[in-house]
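Structure first, commentary second.
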Amino acid sequence: MQSRTQQLWLRLGNLGLRLAKAAQRLGEFAEHSAWRLSARRVGLGLAAALTALFVVAGGLAPTVAMLGLLATTAFLALWPADGAAHAAATASAQAGVDRERLWQLVVDAMPEPAVALNGMARIVHANQLAEDQFGAGRRGGHIASMSRDPGLLAAVEEALATRRAQSVELHGRVPVERRLLAAVAPIGEGASQLREVPTLLITFRDLSEQDRLARMRADFVANASHELRTPLAYLKGSVETLLGPARDDAAARDTFLKTMGEQAERMSRLVDDLLSLSRVEMREYLPPSGEADLGAVLADVAHTMEPIAQQAGASFSLTGLNVAGPVRGDHDELAQVFQNLIQNAIKYGREGGKVDMRLSREPREGRVVRYRVDVIDDGPGIAPQHLPRLTERFYRVNVVASRERGGTGLGLAIVKHILNRHRGELLITSELGHGSTFSVILPGLPG
Ligand code: ADP
């Protein structure tokens with residue numbers, strides 16, 4: 001026989017348990033409701049109310065009632081936080097529902113073309129980049145419907161059989177020559193035969209851009225060495241001649257020394273331009289922090305270039321200076337841009353021709369003010385096929401003509417990098433027989 005106190009404890013225990021469950025359910029309800037009540041507080045309130053009812057109506061001893069109430073409180077206190085428990089339960093249910101959508105979103109968000117395959121090498125999902133690159137492969141179709149490359153198909157077979165990651169190089173020729181690296185990676189433990197379950201993930205990295213940069217670097221070194229080697233070879237040959245056959249020939253010595261001086265000058269110009277190019281390239285991604293006034297920059301440039309134009313027999317004019325041109329920029333770098341353009345206009349323009357530099361304000365686009373500087377010459381002009389390549393390093397329309405005029409083939413490349421840094425643009429318009437116009441557009445400071 002159980003004593004009355006024991007029976008009471010049992011009843012109280014049961015009651016506590018039921019109260020806790022009711023509290024949890026109420027908490028869950030509260031979680032969904034706008035009030036977001038705490039399950040604990042609801043449970044405790046109910047327990048207190050019921051205990052008071054037992055004491056008043058059922059004759060329960062107050063000490064026992066107090067003990068019961070304490071036990072319920074302790075039980076509820078140890079119950080996991082209702083919000084967190086509920087949130088975890090909701091999240092895990094949601095995750096189950098959205099799992100498929102979730103991995104598809106991950107594949108879609110990848111920055112490279114990516115294709116997920118099931119255990120039978122069939123396409124479960126492909127992101128937009130993969131579809132752009134290989135054409136839209138049929139969902140559920142074999143990977144061969146996207147790419148027939150034997151290397152890729154073999155890597156997929158191998159990855160499915162061994163569950164080990166594979167990588168393979170693919171070469172494409174259409175529409176342009178391309179080199180891709182495909183990484184085939186198993187997902188999860190085993191290969192699933194289920195239609196919708198992704199088992200392999202293939203990602204493609206385009207190595208063509210990397211190849212292009214490596215080629216450019218190699219070309220640049222080859223070009224720079226070639227440009228230096230020519231005057232150096234001349235200097236070496238002249239020294240040998242002066243030490244040998246021309247040792248006692250005063251007239252020949254003078255001629256050789258004069259040309260040696262010119263070649264040394266050419267080498268020094270090339271080294272200066274190479275250093276200048278490397279400096280501006282390094283800072284290209286660092287926008288200038290200072291302010292410059294285009295009017296003041298052009299006035300300085302005009303001051304330096306006027307005597308050079310006169311020496312070359314060209315006339316030089318600067319117009320539009322009444323326009324104020326405050327820009328975010330570096331005064332010296334901007335001066336270098338216009339000096340290079342005027343030097344070219346003098347070098348490649350008509351003998352005894354005109355060079356004009358004009359500053360103007362572009363028509364407003366919203367609140368943005370843009371300034372334009374045109375450097376106009378009346379020389380023979382440039383054939384249209386050369387225009388897009390003029391800013392490439394060492395690109396020259398006529399190498400001999402450029403060398404004769406002291407050109408290095410780096411001037412416009414330097415101009416382009418400085419303008420990139422200043423968020424500016426270079427437009428080149430020219431017509432054979434009708435001169436050329438090199439226009440610089442720069443964003444102005446908000447006024
Ligand atoms: P360079 O040191 O040879 O002058 P640039 O990079 O400054 O090198 O110019 C590249 C080429 O663009 C020049 O070699 C020349 O053929 C052509 N060019 C530049 N400016 C003009 C111009 N105003 N008129 C005709 N050709 C020009």
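When a ligand or atom number is given, it counts from 1 through the structure's own listing order.
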Open item on the list: Both conditions, 6.0 Å and 45 degrees, for the charged tip of Arg361 above the ring of Tyr371: are they met here?
Closed with: no
Open item on the list: Between the side chains of Asp377 and Lys354, is the shortest nitrogen-to-carboxylate-oxygen separation below 4.0 Å, so that they form an ion pair?
Closed with: no
Task: Neighbour list for ligand 1 [protein residues, heavy atom under 4.0 Å] - done: Asn344, Ala345, Lys347, Tyr348, Asp377, Ile382, Leu390, Tyr395, Arg396, Val397, Ser402, Gly407, Thr408, Gly409, Leu410, Gly411, Leu412, Ser436, Phe438
Open item on the list: Going by ring-ring contact (aromatic ring centres under 6.0 Å, His included), name the residues that satisfy it together with Phe204, two or more places apart in sequence or in a different chain.
Closed with: Phe134
Task: Salt bridge Glu284-Lys416, side-chain N to carboxylate O under 4.0 Å - done: no
Task: Salt-bridge contact Arg266-Glu404 (side-chain N to carboxylate O under 4.0 Å) - done: no
Open item on the list: Quiz question: by atom type and distance under 3.5 Å, do the side chains of Asp374 and Thr437 form a donor-acceptor pair?
Closed with: no
